[in-house]
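Both counts, for ligands and for their atoms, begin at 1 and track the order of listing.
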Amino acid sequence: MTANRIVAIDGPAAAGQGTLARRLAACLGLPYLDTGLLYRATARRLLLAGADASDAAAAAEAARALSPPDLERTDLRTPDVDRAAAAVASVPPVRAALLDFQRSFGQANGAVLDGRDIGTIIFPQARAKLFVTASVEARAYRRWLELTGRGVHAALETVREDMQARDAADASRAAAPLRPAEDAFVLDTTVMDADAAFAAALRYVAARV
Ligand code: C5P
């Protein structure tokens with residue numbers, strides 16, 4: 001049954017869920033989907049079309065028009081896309097347009113998916129649900145290191161403020177707000193390195209998948 005082969009990973013920005021999800025997928029031999037890319041690619045299409053990120057109708061149209069090359073773009077992790085992705089993610093028709101793709105991705109052979117609403121909305125019946133979190137300071141520092149490493153210059157304070165604004169928007173929106181599923185295993189990675197987080201996650205997931 002598919003629910004037995006779904007690993008749902010949610011959490012706020014830069015808590016380490018991407019790295020963790022990729023490693024779990026490789027270890028379990030499951031496909032991996034970074035669902036944030038769908039919202040980022042929608043946002044990039046919108047910005048390229050010159051539309052405003054708050055234009056709900058244009059955002060829904062961009063989500064419905066997504067195709068595989070949109071997900072392969074190299075400009076999906078820039079600060080302007082960070083902000084626009086959080087805006088389009090609060091539009092219910094955008095979320096509706098992206099729902100089937102996420103479910104079909106997992107339904108055939110199981111999968112590891114990471115995002116904000118995987119354990120609550122996309123696969124509420126998944127047996128393995130992780131909510132990965134960390135303090136805002138730790139997450140902002142990780143994102144700042146990542147941006148700096150890619151040559152994107154930003155002040156740490158600005159990264160922290162942007163991240164807090166994005167988390168607040170994700171947690172307070174009416175459509176699929178960011179929150180742990182009731183049956184999720186909460187993993188706080190504030191003082192954990194990637195190996196320790198992976199070991200803790202694998203212990204939890206291996207007993208369920
Ligand atoms: O995970 P990532 O930071 O790439 O996600 C970008 C944005 O997409 C998030 O800030 C959030 O607003 C949105 N998102 C979402 N639901 C998901 C994945 C991402 O609302 N499942």
Side-chain angles (χ1 to χ4, degrees), residues 6-22 24-25 32-47 53-54 56 59-60 62-63 66 70-106 111-124 126 129-134 136 138-147 150 152 154 159-181 184 189:
I6 296 288
V7 180
I9 305 185
D10 292 304
Q17 57 273 57
T19 308
L20 191 61
R22 228 171 264 114
L24 283 173
Y32 164 59
L33 181 64
D34 170 1
T35 65
L37 275 188
L38 303 173
Y39 295 90
R40 289 176 177 279
T42 299
R44 177 51 83 200
R45 277 192 81 101
L46 199 63
L47 295 176
S54 62
L66 277 192
D70 289 313
L71 304 180
E72 280 152 29
R73 298 183 62 99
T74 55
D75 56 359
L76 299 181
R77 294 192 183 279
T78 56
D80 60 336
V81 169
D82 282 354
R83 283 188 287 274
V88 303
S90 70
V91 176
V94 167
R95 306 199 72 86
L98 302 177
L99 185 81
D100 283 351
F101 175 77
Q102 296 173 77
R103 289 203 174 138
S104 329
F105 185 90
V112 177
L113 299 95
D114 80 53
R116 302 291 186 284
D117 63 341
I118 310 302
T120 50
I121 306 282
I122 307 296
F123 284 110
K129 295 183 188 177
L130 281 151
F131 190 85
V132 185
T133 187
V136 70
R139 294 186 292 109
Y141 183 63
R142 289 174 198 166
R143 177 54 55 89
W144 177 81
L145 276 183
E146 183 215 323
L147 287 170
R150 285 193 283 120
V152 180
V159 173
R160 192 176 63 78
E161 284 169 8
D162 280 0
M163 185 170 277
Q164 265 175 317
R166 205 145 66 87
D167 290 344
D170 287 347
S172 64
R173 68 187 177 209
L178 169 68
R179 60 175 175 79
T189 67

_Asp117 and side chain to side chain donor-acceptor pair (under 3.5 Å): which single residue from Arg179, Gln102, Arg95 fits?_
Arg95

*Residue and atom name of the nearest protein heavy atom (relative to atom 8 (O) of ligand 1), distance in Å to one decimal*: Tyr39 CB, 3.4 Å

_Please identify which of these residues, Asp170, Asp167, Asp10, meets the salt bridge (Lys or Arg N to Asp or Glu O under 4.0 Å) condition with Arg116._
Asp170

*Pick, from Ser90, Ala85, Ala43, the option with the minimum heavy-atom distance to atom 7 (C) of ligand 1.*
Ala85

*asked:* Pairs of nitrogen or oxygen atoms closer than 3.5 Å, one from Arg143 and one from ligand 1: do any exist?
replied: no

*Identify, for atom 13 (C) of ligand 1, the protein heavy atom at the shortest distance, and state residue, atom and that distance.*
Ala89 CB, 3.7 Å

*Identify whether the distance between the nearest side-chain nitrogen and carboxylate oxygen of Asp75 and Arg44 falls below 4.0 Å.*
yes

*Given the rule in the salt bridge (charged side-chain N to carboxylate O under 4.0 Å, His left out) test, do Glu146 and Arg142 qualify, once you have shown the distances and angles that lead to the verdict?*
CA-CA 6 Å; Glu146 183 215 323; Arg142 289 174 198 166; over 6 Å; no

*In the protein, what heavy atom is nearest to atom 1 (O) of ligand 1, and what distance, to one decimal place, separates them?*
Arg116 NH1, 2.9 Å

_For ligand 1, which is the ligand I care about here, please tell me if Asp34 has any N or O atom under 3.5 Å from one of the ligand's N or O atoms._
no

*Can you spot which of Leu71, Asp34, Leu76 makes a side chain to side chain contact (heavy atoms under 4.5 Å, CB included) with Arg40?*
Leu76

*Taking atom 12 (O) of ligand 1 as the reference point, the nearest protein heavy atom with its distance*: Asp170 OD1, 2.6 Å

_Any carboxylate oxygen within less than 4.0 angstrom of a Lys/Arg side-chain nitrogen, looking at Asp80 and Arg83?_
no

*Option set Gln17, Arg40, Gln102, Arg83, criterion heavy-atom distance to atom 4 (O) of ligand 1, minimum*: Arg40

_At under 4.0 Å between heavy atoms, is it the side chain or the backbone of Arg166 that contacts ligand 1, or both, or neither?_
side chain

*Which residue and non-hydrogen atom of the protein lie closest to atom 16 (N) of ligand 1, and at what distance in Å?*
Arg95 NH2, 3.0 Å

_Approximate separation, where rounding is to 0.5 Å, of Leu98 CG and Leu37 CG_ = 11.5 Å

*Ala86 heavy atoms, cut-off 4.0 Å: which ligand 1 atoms fall inside?*
12 (O)

*Using a 4.0 Å heavy-atom threshold (strictly under), name the region of Arg173 that reaches ligand 1: side chain, backbone, both or neither.*
side chain

*In plain terms, say whether Asp162 and Arg143 are close enough for a salt bridge, that is, a side-chain N and a carboxylate O under 4.0 Å apart.*
no

*Criterion side-chain hydrogen bond (donor to acceptor under 3.5 Å, both in side chains) on Arg160 and Tyr141, from CA distance to verdict*: CA-CA 8 Å; Arg160 192 176 63 78; Tyr141 183 63; over 6 Å; no

*What residue and atom, counting heavy atoms only, is the protein's closest point to atom 18 (C) of ligand 1, and at what distance?*
Thr35 OG1, 3.4 Å

